[in-house]
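Everything below concerns the one structure shown next.
For ligands, and for the atoms within them, numbers begin at 1 and follow the listed sequence. All values reported here derive from a predicted model rather than from experimental measurement.
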Amino acid sequence: MASTQEERAIAAYNEHLGRFDKDLPRLSTVDLDEIEELAQRKLYSSYAAFTYVSGSAGKGLTHKANRAAFEKWQIIPRMLVNATHRDLATTIFGVTYPSPLILGPVGSSPTARAAAKLNVPFTLSTAGSRSIEDVATASANGPRWFQLYWPRSDDITLSLLKRAADNGYSALVVTLDTMQIGWRPEDLKFGYLPFIHGVGSQVGFSDPVFMARHGLPIVHERPAFPYEPEDLENPGGQSDNPPAFDDALRARKVLAFSWIAEMSSGTYRSWDDVPLIRNNWHGPLIFKGIQSAEDAERAIDVGADGIVVSNHGGRQVDGAIGSLDALELVMRSTRVREAQASGKFTILFDSGIRTGPDILKAVALGAQALVVPYVYGLALDGEAGVEAVVKYLLADLSLSMGLSGYKSLDDVRSTLASNMIRKT
Ligand SMILES: Cc1cc2nc3c(=O)[nH]c(=O)nc-3n(C[C@H](O)[C@H](O)[C@H](O)COP(=O)(O)O)c2cc1C
């Protein structure tokens, strides 16, 4: 009986959603928290893989602060606005997109394909599990950005920038909050570290400068998902691997550790190092991980074109400020507001977004576009799952905008924040 009732409820949901998009993919729930639970159930045999995605730094305080910040802010809806037709179009870095969403640096080729279909910028991570070239092929004419974990060696940094530019990545996102990985108890508990097996190292293994250092040709690998450490150590469950296999495994681990030493080296960069990147990247340069007005102003000073106000979803510093609160602080800076108004400095945002109204609140506080979570959709249903999550967020955003009295995101942007939201 219960399942029939559940099926009816799902059918009702789908009918409602179908009014926005008849081809909307179905994940059996539109709630991002429930999608996370479903992904957890699907990955039950690989619980460590799930916690790798869902885990936070330390006690998870920053993740909680992210959600608490969204709960503190409340929308003040306005009535009798003709918001029958709503426009989510957003122009950033001189390009107009149909929505304000960006797919962040998590994921792989199915994500790139979904992003291309939705005309949403896709960001390939330096820690991606596909090469820069493979993802460019998958994304075809879709908008794509490259995210840099700043390597220790300048020649490798320059090689990555060149490959990204040559392969049509239009913007560069430099992540500043991860000069090394934070204290993540779940990952340490399970020892789930794909990078030690060279999974998430495909950008490195396909880099001519990095591979030449090891006297090796480049490779474009496509490792399977989910990553299964046991299978890599003991294929077919063999307990005694042939010596040649063990030799190859050891050699691979040496290569993998060498890439980790580049990408997550613990070498902290300073503002003085920025010219290396600024002088060698000719498109938009975006700093990800900014959480203070002072750093936002420094980003303007060193010639960045934009920032992502972000705390990496609470995965780096435990007990940090909620990301929406950080956005409020950043936007208190007159210099930042003026730079944004001049069109020369773009404010992006992530961390903690789970609903359409969350997006509305971030836009009301000054964010121009949002990096949204989609990885559980990817785990549930690949490309279609990513598409579903993006469309659910957009449907929810569109409805919430209309019901609050806004016809377009430009209307939201031009309304004084204090007239549309309040902090409790
Ligand atoms: C599994 C996973 C992998 C991530 N990998 C990267 C990455 O390679 N580079 C990066 O800058 N951010 C990375 N992030 C952080 C996201 O880009 C984003 O800042 C964060 O997920 C936002 O918080 P939210 O998950 O609460 O939305 C990753 C996040 C997750 C969950």
With a cutoff of 4.0 Å, is [X] in contact with ligand 1, counting heavy atoms of the residue only?
X	value
G104	no
V53	yes
N66	no

Which protein non-hydrogen atom lies closest to [atom], naming both residue and atom, and how far is it?
atom	answer
atom 5 (N) of ligand 1	P105 O, 3.1 Å
atom 18 (C) of ligand 1	D350 OD2, 3.3 Å
atom 9 (N) of ligand 1	Y149 OH, 2.8 Å
atom 11 (O) of ligand 1	T175 OG1, 2.7 Å
atom 23 (O) of ligand 1	G313 CA, 3.0 Å
atom 21 (O) of ligand 1	R315 NH1, 3.5 Å
atom 29 (C) of ligand 1	V106 CG2, 3.8 Å
atom 13 (C) of ligand 1	H312 NE2, 3.3 Å

Would you call [X] and [Y] a side-chain contact if the rule is heavy atoms closer than 4.5 Å?
X	Y	result
D350	V372	no
I307	I347	yes
M401	L360	yes
E387	K391	yes
Q202	H220	no
D207	L160	yes

Other residues, nucleotides, ligands: >12 heavy atoms within 6.0 Å of K344 NZ: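 Result for NZ/K344: open.
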D155/R213 salt bridge by N-O under 4.0 Å criterion: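 Looking at D155 together with R213, the answer is yes, because their closest N to O distance falls below 4.0 Å.
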Residues D187, R315: salt bridge by 4.0 Å N-O rule: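 R315 and D187: not salt-bridged.
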Part of S310 within contact of ligand 1 (heavy atoms, under 4.0 Å):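 Only the side chain of S310 comes within reach of ligand 1.
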Proximity of R354 to ligand 1 by residue part, where a heavy atom lies under 4.0 Å: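 Within the 4.0 Å criterion, R354 contacts ligand 1 through side-chain atoms alone.
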Aromatic plane relationship, Y169 with F146 - under 30° parallel, 30 to 60° tilted, over 60° perpendicular: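 The arrangement is perpendicular - the two ring planes meet at more than 60°.
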Aromatic ring pairing W145/F93, orientation class (parallel under 30°, perpendicular over 60°, tilted between):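 Rings of W145 and F93: perpendicular, as their planes differ by over 60°.
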Is there a nitrogen or oxygen of [X] sitting under 3.5 Å from a nitrogen or oxygen of ligand 1?
X	answer
G352	yes
H63	no
K288	yes
S125	yes

Ligand 1 atoms in contact with P373 (distance to a heavy atom under 4.0 Å):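 Result: 27 (O).
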